[in-house]
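In what follows, a single structure is set out as structure tokens and then discussed.
Keep in mind that the numbers below use all heavy atoms, side chains included, and drop hydrogens, waters and symmetry copies. Letters A, B, ... mirror the listed sequences (proteins, then strands); counts begin at 1. Everything numeric here is computed off the predicted structure, so don't read it as measured data.
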Amino acid sequence: MPNSRTGVLLPLPVSGPYDYLPPANEPGGLPARGTLVRVPFGRRYLEGVVWGEGAGDVDAAKLKPIRDVLEAPPLPGVLCDFIDWVAAYTLHPPGAVLKMALGAPGALAPPETTTVLRRSAAPQLPRMTEPRQRVLDTLAERERAGLGLLGAADLARAAGVSAGVVSGLVGAGVLEPVSSRREFAVPLPDGDSPGPVLSDGQRDAADALGISVSKREFEAFLLHGVTGSGKTEVYFDALGQAFKENRQGLVLLPEIALAARWPERFEKRFGVMPLTWHSRMTPAARRNVWRAVASGEARVVIGARSALFLPFPDLGLIVVDEEHDASYKQDEGVAYNARDMAVVRAKLGGATVVLASATPSLETMENATQGRYQYLHLPERHGAATLPRIDLIDLKRHGPERWYGPGGPSGEDDRGQVGFVSPPLVEETRTALAAGEQVLFYLNRRGYAPLTVCRACGDRIACPHCTAWLVEHRGPGSVPDRGGRRLLVCHHCGFSRPVPPTCPSCSAEGTLFPCGPGVERLAEEVAARFPEARVVLATSDTLRGPAEALELGRRMTAGEIDIVIGTQIMAKGHHFPLLTLVGVIDGDMGLSGGDPRAAERTYQLLHQVAGRAGRAGRPGRVFVQTLDPRAPVMQALRAGDPDTFMAVESRERQMTGMPPWGRLVALIVSAEDEGAAQAVARALGKAAPEAPGVRVLGPAPAPLSRIRNRSRFRLLLKAEKGVRVQAVVRSWLQKVKIPSSVRLQVDVDPVSFL
DNA sequence: AGCACGCCGACT
DNA sequence: GTCGGCGTGCTC
Ligand SMILES: [Zn+2]
Ligand SMILES: [Zn+2]
């Protein structure tokens, strides 16, 4: 008997596809792989995807027929293959990966409709009034002008009448409501638009990419473009080539950069705004983009990491810009690295993939050295902004002075406030401001102060749900001395409470004081030290969307701002012609804690921040405040010598068997009950594999040992490069029974060790 | 992921 | 005596 079952993958974390019978009403046999269907599942219906022939390992009596085939373009075969590949690599269920690909919610929703009003065939009105006539005139005018129908509220507004007039006409049967499909116009970039003249270096790189795109075969490139080399123009050129070949393009950016002005640059080059894909989209926008991609109408999408799972039927080019950025790694749910999976996606689809960065990751550099990626180096262009000179300020020798508010010391015992800007940086800032130039103070710490301490008992205020200190936030415009809001916020779970009037531990009154720097606190100091300067904060709290980012850019360019105090959001994308001085307040931040990539990341981040200073013809200056100016990463920044630094980093990782010279898989065991989590973690430790070239470290309490009221333990599997870690881990996990109250997160190639 | 089944504490 | 808590397991 032929296999009349079909496997259907459901967007659920179950181990694999479930078998179904073909739909009763479809005589055409088994639907093809990728077909979107609705199937009965338990006592409900779910959307799923036909995954292939049924496995046949389940009792025929249990089989139910597919209820129906959905009116939606099927998932391209290459996406189905990709989902299987990612699931096998990350050790997460394929259904969990499918869930990301369906872009839930909304991708499969029916097309958006709105109710509009049109003139009915009904005869004349019993009573015609002047407002009523105006509505009918408006309708007639719009029809003559070829404009579409409007909903009740819009029609009333267009005619300048109240809503009651329109509803009266509907009631009288003169207007009738009809449902209209809201059309979505897919922007069509112009691949033939010439673009700017490229330098010789850019031309060579762009040609190499263009030829690769035309070949329609998998090829991977590292586009190493130093600051000012114009790497964006190079991959724009390759995108244009993809459009000409009638293939689709995808540009991945770190989520934070999407908020900035990147889409504008695309528009300047190709004449239309690009379609974008990110986590904060409405379901309707999600649906529109998803469908436009699936139908092939969308020529290019700019997106955050999840855009990699969009249903491109013919993806010819993937660009991963800022490929070193750690935010390409997703740690929760399916733990995947979009940068690495982009290479896989390109391989499965016969596409070109470009990893672009001014400071490539060690992993990508090694892949280029080994010849797996072709190496394209872009030298800086003549006359372009170059990376400014970086100087170090030793905080041990140049400790920041205390400072006073506008009135100066209030008495003899007023010792003023703790400062974070050292005298040399204050001096440089004065000079720059006097020259009418702009200054950026970089501090990657949101809020007012990262810690609140009681000076009576020494107690530090922690989150009740996490092992983390609460961060004080004051918010823009609030004046704490006059009863403004002072909130303590947990950056891990979102818990917040007002700063209490008395110490929660010893009940002493007025003894709680902020400890350590945050951008809001830094802003106070800067305002006091440079009273004439116009100061703004640029953080994810103040730049919540593209509109705010654009407005900041406008004010900066117009010279309406003197000093910006910014977090990581300022490290990306923005370039301001008047900004010539960057002061890094805490260069050592991120260097503590046992992360093998800490120094590398610090280099990449500070290099990127440094790139904000300077412009053509007037190089900027960068000062990094540090307690350890002799640290290799600081010396490398000062010397502008990433190559030596990366070589040393590489050797260090080689000696310790760390990536890219070895493989890592992290297991994170968490549960509300600490004992339950610990028991499972210990059982996993006992059952650890003893294969050659494999070592298991832990279990140990995670550095963040409790988040959202869940206790966390970590184990780390370290393997030599050739080891098939997935097989090792899969058989390891089979040996340990995990109760449902305990969650086990598997993280292949971990980036975060918290 | 839902949703039901099932076995132990405090309620009409 | 029942109502309901959520731990365990199943869904083709
Ligand atoms: Zn106290
Ligand atoms: Zn918390």
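Sorted by first and then second residue, the salt bridge (charged side-chain N to carboxylate O under 4.0 Å, His left out) pairs involving residues 699-709 of chain A (not counting sequence neighbours) form an empty list. Applying the side-chain hydrogen bond (donor to acceptor under 3.5 Å, both in side chains) test to pairs two or more places apart or on separate chains, those with a residue in residues 307-318 of chain A are A:R247-A:D314. Counting only residues at least two apart or in different chains, side-chain hydrogen bond (donor to acceptor under 3.5 Å, both in side chains) contacts with residues 686-698 of chain A are absent.
Partners of A:K329 according to the salt bridge (Lys or Arg N to Asp or Glu O under 4.0 Å) rule, which considers only residues two or more places apart in sequence or in another chain, are A:D331, A:D747. Qualifying side-chain contact (heavy atoms from CB on, under 4.5 Å) partners for A:S295, counting only residues two or more places apart in sequence or in other chains: A:E297. In terms of the ring pair (Phe, Tyr, Trp, His ring centres under 6.0 Å) criterion, residue partners of A:F495 (sequence neighbours excluded) are, by chain and number, A:H465. Every residue two or more places apart in sequence or in another chain was checked for a ring pair (Phe, Tyr, Trp, His ring centres under 6.0 Å) with A:H92, and none qualifies.
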| Which parts of nucleotides 6-12 of chain C does protein reach within less than 4.0 Å, heavy atoms only, written one letter per nucleotide 5' to 3' as B for base, S for sugar-phosphate only and - for none? | -SB--BB
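A 4.0 Å heavy-atom criterion places the boundary nucleotides of DNA chain B facing chain A at B:dA1 to B:dA4, written 5' to 3'.
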